[in-house]
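Just so you know, ligand 1 is whichever comes first in the structure, and atom 1 is the first atom listed for that ligand.
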Amino acid sequence: MATYLITGIAGFIGSALARAVLAQGDQVRGIDNLSTGKRENIGEIEDRIDFQEADLLELDAVQRACEGVDYVLHQAAIPSVPRSIKNPVESNRANVDATVNVLVAARDAKVKRVVYAASSSAYGDTSTLPKHEDMPPNPISPYAVAKLASEYYMTSFYRCYGLETVSLRYFNIFGPRQDPGSPYSGVLAKFISQMLRGETPTILGDGKQSRDFTYIDNAVAANLLACKAPANQAAGRVFNVATGKRFDLNETASLLKKLTGYSGEVKYGAERAGDVKHSLADLTRSEKFLGYRPQIAFEEGLRRTVEWYKDQRTAPNVSRDAVEVSAG
Ligand code: UD1
């Protein structure tokens with residue numbers, strides 16, 4: 001039985017990983033400072049995991065958390081391109097300094113492998129699509145720079161100390177439990193929750209920007225594969241994690257209207273600073289070296305996600321007010 005440390009375990013990706021690791025019969029330890037994560041995301045598994053509420057910027061706490069660990073799944077981050085534009089210092093601390101602490105602690109604890117939640121934002125605006133890992137990165141926002149810097153740290157720790165690291169460039173992960181309630185929330189969580197409440201969503205720009213939206217189960221599968229892929233194929237490397245298809249926001253909003261039953265209009269607002277126009281992944285490398293293939297298509301993922309948000313609104317044990325407030 002292996003022990004996995006999941007940083008950011010109370011987040012929507014971290015908590016999904018925790019459930020998957022438990023399901024395969026392994027042990028889970030989690031660390032989270034609950035700044036963007038929520039305890040309710042791990043509520044149903046809290047008695048089966050070793051949860052430590054702590055900040056990754058405290059090296060001692062990370063060192064304690066790494067003791068006896070086989071694999072680290074480093075998911076903790078402060079996401080959002082606009083949030084990083086507003087507060088680049090905060091973004092750098094959470095997305096770079098914290099990563100260096102995780103790497104130092106993992107190295108000293110002789111962890112077998114660290115898998116990192118890198119970001120497709122590292123590519124920035126490239127004229128070529130799909131985006132493949134050998135392309136020179138071209139980050140636009142502070143968030144993208146921070147995520148890329150942490151990737152470089154991953155590779156550096158492999159090269160300098162022999163710590164096995166794998167960076168997974170996530171392409172717009174979405175699914176159940178993604179927080180819809182912040183101005184910085186991902187567009188799908190936000191639009192679904194707005195449409196279900198009968199509120200008008202706003203597309204920022206002309207809606208022709210496109211994303212390779214990726215359902216959470218695909219990201220979970222990629223992490224588990226990344227832990228087990230042979231070191232000579234995976235260690236010190238970067239891999240795309242995506243669906244391999246892109247949808248623009250106009251067509252996405254139409255799909256969501258059908259799934260949510262929203263019959264109102266969709267507004268248009270000013271394009272966001274630091275926004276990438278198009279995003280689409282080449283999955284050749286992840287398939288060849290990790291054995292990764294997306295299992296859940298975008299439309300199916302959207303359907304499951306909308307169902308989950310609908311259930312949250314009607315579940316008898318969840319007060320409707322609580323959902324309204326957290327979704328606000
Ligand atoms: C970026 C990364 C993604 C990462 C995420 C973390 C890229 C291509 N993707 O996502 O991998 O996981 O940061 O935060 O860099 N939008 C609206 N209306 C809204 C909100 C957003 O139209 O109310 C638009 C945005 O302008 C953007 C698109 O929706 O064009 C997606 O935005 P968002 O969900 O915030 O994610 P990215 O910034 O693309």
Visitor: In the protein, what heavy atom is nearest to atom 7 (C) of ligand 1, and what distance, to one decimal place, separates them?
Guide: Ser120 OG, 3.6 Å
Visitor: If we ignore hydrogens and angles and just use 3.5 Å, is the side chain of Ser286 paired with the main-chain N or O of Asn240 as donor and acceptor?
Guide: yes
Visitor: Within the 4.0 Å heavy-atom shell around Ile203, which atoms of ligand 1 are there?
Guide: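 Counting atoms of ligand 1 from 1, those under 4.0 Å from Ile203 are 22 (O).
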Visitor: Report yes if some heavy atom in the side chain of Leu56 is under 4.5 Å from a heavy atom in the side chain of Asn33; otherwise report no.
Guide: no
Visitor: Compute both the distance and the angle, then confirm whether Arg107 meets the cation-pi test with Tyr161: under 6.0 Å from the six-membered ring centre, within 45 degrees of the axis.
Guide: yes
Visitor: List every atom of ligand 1 that sits less than 4.0 Å from any heavy atom of Ser279, numbering the atoms from 1 in the order shown and giving each element.
Guide: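 Contacts of ligand 1 toward Ser279, numbered from 1: 8 (C).
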Visitor: Quick one: look up the protein heavy atom nearest atom 35 (O) of ligand 1 and list residue, atom name and how far away it is.
Guide: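 Protein heavy atom at minimum distance: Arg272 NH1, 3.0 Å.
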Visitor: In the protein, what heavy atom is nearest to atom 23 (O) of ligand 1, and what distance, to one decimal place, separates them?
Guide: Lys190 NZ, 3.2 Å
Visitor: Heavy-atom contacts under 4.0 Å between Asp275 and ligand 1: side chain, backbone, both, or neither?
Guide: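 Answer for Asp275: side chain.
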Visitor: Between Leu168 and Val115, is there a side-chain heavy-atom distance shorter than 4.5 Å?
Guide: yes
Visitor: Any atoms of ligand 1 less than 4.0 Å from a non-hydrogen atom of Gln209? List them with their elements.
Guide: 26 (O), 30 (O)
Visitor: Under a 4.0 Å N-O cut-off, is there an ion pair linking Arg246 with Asp212?
Guide: no
Visitor: Would you call Arg93 and Glu90 a salt bridge, taking side-chain N to carboxylate O under 4.0 Å as the test?
Guide: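 No, no charged N to carboxylate O under 4.0 Å.
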Visitor: What do we get for Tyr143 next to ligand 1 when only non-hydrogen atoms under 4.0 Å count, side chain, backbone, both or neither?
Guide: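 Answer for Tyr143: side chain.
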Visitor: Among the heavy atoms of Phe191, does any lie under 4.0 Å from an atom of ligand 1?
Guide: yes
Visitor: Does some side-chain heavy atom of Leu34 sit less than 4.5 Å from a side-chain heavy atom of Glu53?
Guide: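 Glu53 reaches Leu34 side chain to side chain.
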Visitor: Using 4.0 Å as the upper bound for N to carboxylate O, is an ion pair formed by Arg304 and Glu300?
Guide: yes
Visitor: Please determine whether side-chain contact (heavy atoms from CB on, under 4.5 Å) holds for the pair Lys228 and Leu224, giving the CA-CA distance in whole Å, both sets of side-chain angles, and the decisive distance to 0.1 Å.
Guide: CA-CA 7 Å; Lys228 297 296 160 70; Leu224 300 180; over 6 Å; no
Visitor: For ligand 1, which atoms, with element, lie under 4.0 Å from some heavy atom of Gly186?
Guide: 34 (O)
Visitor: With heavy atoms under 4.0 Å as the rule, classify the contact between Glu271 and ligand 1 as side chain, backbone, both or neither.
Guide: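 Neither; nothing of Glu271 gets under 4.0 Å from ligand 1.
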Visitor: Looking at Tyr143, does the NZ or CZ of Arg83 lie under 6.0 angstrom from its six-membered ring centre and within 45 degrees of the ring axis?
Guide: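 Pair Arg83/Tyr143 does not count as cation-pi.
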Visitor: Determine, using ring centers only, whether Phe298 and Phe247 are less than 6.0 Å apart.
Guide: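 Yes: the rings meet the under 6.0 Å criterion.
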Visitor: Does only the side chain of Ser121 get under 4.0 Å from ligand 1, or the backbone, or both, or neither? Count heavy atoms.
Guide: both
Visitor: Going by the atom numbers of ligand 1, which of them fall below 4.0 Å from some non-hydrogen atom of Tyr170?
Guide: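 With Tyr170 as reference, the close atoms of ligand 1 come out as 11 (O).
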Visitor: To the nearest 0.1 Å, how far is atom 14 (O) of ligand 1 from its closest protein heavy atom, and which atom is that?
Guide: Ser80 N, 2.8 Å
Visitor: Give a yes/no verdict on a cation-pi contact between Arg29 and Phe51, requiring under 6.0 Å between NZ or CZ and the six-membered ring centre and an angle within 45° of the axis.
Guide: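 Relative to the ring axis of Phe51, which defines the angle, Arg29 lies outside at least one limit.
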Visitor: Any side-chain donor paired with an acceptor under 3.5 Å for Arg237 and Tyr158?
Guide: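 Side chains of Arg237 and Tyr158: no pair found under 3.5 Å.
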Visitor: Of all the non-hydrogen atoms in the protein, which one sits nearest to atom 36 (O) of ligand 1, and at what distance?
Guide: Asn172 ND2, 3.3 Å
Visitor: When you measure from atom 20 (C) of ligand 1 to each heavy atom in Val81, Ile13, Val187, which option holds the nearest one?
Guide: Val187
Visitor: Just need the protein heavy atom nearest to atom 22 (O) of ligand 1, so name the residue and atom and give the distance.
Guide: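 That would be Leu204 N, 2.7 Å.
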Visitor: In the protein, which heavy atom is nearest to atom 39 (O) of ligand 1, and how far is it?
Guide: Arg211 NE, 2.6 Å
Visitor: Going by the order shown, which atoms of ligand 1 are within less than 4.0 Å of some heavy atom of Pro79?
Guide: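 Answer, ordered by atom number: 6 (C), 14 (O).
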Visitor: Record the part of Thr202 in heavy-atom contact with ligand 1 below 4.0 Å; permitted values are side chain, backbone, both and neither.
Guide: backbone
Visitor: Which residue supplies the protein heavy atom nearest to atom 29 (O) of ligand 1, what is that atom called, and how far is it?
Guide: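 For atom 29 (O) of ligand 1, the nearest protein heavy atom is Leu249 CD1, 3.3 Å.
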